[in-house]
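Notes for the one structure printed next.
Note that ligands are numbered from 1 as they come in the structure, with each ligand's atoms numbered from 1 the same way. In what follows, residues are counted from 1 in the order of the sequence shown.
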Amino acid sequence: MAGAEGEMPMDLTTRYLGLTLNSPIVAGAGPVTAKLDNIRQLEDLGAGAVVLPSLFEEQIQQEQQLIDRLATTGADSYAEALTYFPAAESYDIGPAAYLETIHRASQSVDIPIIASLNGITDQGWVQYGREMEQAGAAAIELNIYFIPTGPNVAGREVEDRYISILQAVKRAVKIPVAVKLSPYFSAMGHMAMQLVEAGADGLVLFNRFYEPDIDLAQLTLLPNLELSTPAEIRLPLLWIGVLSGQLRASLAASTGVESPDEVIKYLLAGADVVMTTSALLRHGAGYMKALHDGLTSWLAARDLTTTDSIRGRMSHRNIADKTAFARANYIRVLQGMGY
Ligand SMILES: Cc1cc2nc3c(=O)[nH]c(=O)nc-3n(C[C@H](O)[C@H](O)[C@H](O)COP(=O)(O)O)c2cc1C
């Protein structure tokens, strides 16, 4: 987006997954990016790219089962089979409609459309990556949403699962693949490095797991999904800061962006792009303008004209006090607070 007259010319150009984006602010996967009108508006207001909501492994398998059932029992079972699909508005589309969305979105805008695959096995569904590529996706975000609830599942198995899913998707496509993962690994840095060695072109830090609450009056589990708050940037900020400059892959920050401040902090820590989902849900797609303008004003106030000039300035590699990201600093922080 061009700056207003009299403003300093800004160059927010950013490299992500080998793609050139006009801006480091990316509309993250979620209901807002499911709609074509929103995607167009997001582009107009300065989004660097858009990540579509995920196509889930379950949706792909359900369609496959539906096809199998129709082949064996005839069209009468169609209506019944359809009820297996999840009901939510943006997530009730099957793979064919998803591919159509990619196609229409990539034809309608110039910014990259990133498709999202979401699953936990390396079975046949990963082949959909290829179809996403053919439909016009510029890249794939692979969200591995796996919660190892069984106490017999060891950490190594979880890590191997991530790697094997990534390898299966990489075998299926030529476009870049980013892995969106959770922070729950014993050695996050090593996990990140293994994923990059297995072919990840970028990492999205982090996935935000749905965590149930308990309704004390009804004694039921509450399955609602809370939108994030800015306080939640701390964990991804730490890992972006630690991993920045250490991996031959892009880093995307996801979680807790509510204002331009969080965007700027993530860039300072070393994020190549910063994704936002909750803020767009809360305020609408038009909120992209506030994030974009806030970033450019902050840069202009410091006589800066590029995002490259601040990217990673506060990363682990670039700060003088290396302990600021590590345990040793904890004691000092506590002492400094008078405890
Ligand atoms: C309502 C809702 C739907 C979401 N759907 C997806 C999805 O389909 N695929 C995905 O990878 N992440 C999904 N996410 C996660 C977001 O992309 C994002 O990683 C997370 O919400 C943290 O970013 P935020 O703090 O900006 O919301 C969803 C989040 C919300 C709140």
Side-chain angles (χ1 to χ4, degrees), residues 24-35 38-39 42 47-60 85-95 97-98 101-102 105 113-120 125 128-129 132 137 139-147 162 165-166 169 177-184 202-212 223-237 239-240 251-263 265-266 271 273-285 287-288 290-291:
I25 311 177
V26 168
V32 170
T33 59
K35 298 192 174 73
N38 288 343
I39 295 175
L42 287 163
V50 162
V51 187
L52 298 181
S54 295
L55 179 62
F56 290 80
E57 176 176 0
E58 292 81 353
Q59 288 170 292
I60 297 169
F85 284 93
E89 196 197 337
S90 305
Y91 293 87
D92 64 351
I93 64 170
Y98 192 93
T101 305
I102 297 175
I113 298 296
I114 301 174
S116 169
L117 261 182
N118 194 318
I120 57 167
W125 67 280
Y128 261 88
M132 290 173 161
I140 287 176
E141 190 171 286
L142 177 61
N143 183 337
I144 306 174
Y145 190 116
F146 178 59
I147 304 180
Y162 273 68
I165 296 173
L166 169 64
V169 174
V177 178
V179 179
K180 186 172 185 179
L181 70 170
S182 82
Y184 308 120
L203 301 177
V204 183
L205 310 181
F206 287 111
N207 208 359
R208 201 161 161 266
F209 283 157
Y210 143 72
E211 292 154 341
N224 52 341
L225 188 67
E226 300 275 341
L227 299 183
S228 67
T229 67
E232 293 175 58
I233 73 164
R234 296 290 189 99
L235 187 60
L237 192 72
W239 281 109
I240 296 266
L251 290 176
S254 170
T255 298
V257 171
E258 170 58 20
S259 74
D261 287 3
E262 289 78 53
V263 174
K265 288 177 189 180
Y266 274 135
V273 297
V274 182
M275 297 182 171
T276 172
T277 297
S278 290
L280 296 180
L281 266 171
R282 226 178 244 130
H283 309 292
Y287 191 63
M288 181 56 71
L291 295 176

Looking only at protein heavy atoms, which one is nearest to atom 2 (C) of ligand 1, and how far off is it? L225 CD2, 3.6 Å
Mark the output for N207 as yes if a heavy-atom distance to ligand 1 is under 4.0 Å, and as no if none is. no
Which heavy atom of the protein is the closest neighbour of atom 25 (O) of ligand 1, given with residue, atom name and distance? S228 OG, 2.4 Å
Does the N or O separation between G256 and ligand 1 drop below 3.5 Å for any pair? yes
May I ask you to identify the nearest protein heavy atom to atom 22 (C) of ligand 1, giving residue, atom name and distance to one decimal place in Å? T255 OG1, 3.4 Å
Give me the residue, atom name and distance of the protein heavy atom closest to atom 18 (C) of ligand 1. S254 OG, 3.4 Å
Heavy-atom distance under 4.5 Å between the side chains of Y98 and Y128, does that happen here? no
Protein heavy-atom partner closest to atom 27 (O) of ligand 1 - residue, atom, separation in Å: S278 OG, 2.5 Å
Write out the residue and atom name of the closest protein heavy atom to atom 11 (O) of ligand 1, then the distance separating them to 0.1 Å. N143 ND2, 2.6 Å
Within-shell test, L281 vs ligand 1, heavy atom, strictly < 4.0 Å: yes
Answer yes or no: is there a side-chain heavy-atom contact under 4.5 Å between L55 and N118? no
If you have a sec, work out which protein heavy atom is nearest atom 14 (N) of ligand 1 and how many Å separate them, to one decimal? A29 O, 3.4 Å
Hey, can you pull the donor-acceptor pairs under 3.5 Å for the side chains in residues 139-146, sequence neighbours left out?
unit_1, atom_1, unit_2, atom_2, d
N143, OD1, N207, ND2, 2.6
N143, ND2, N207, OD1, 3.2
Y145, OH, Y210, N, 2.6

Between R208, K180, R282, E232, which one has a non-hydrogen atom sitting closest to atom 15 (C) of ligand 1? K180
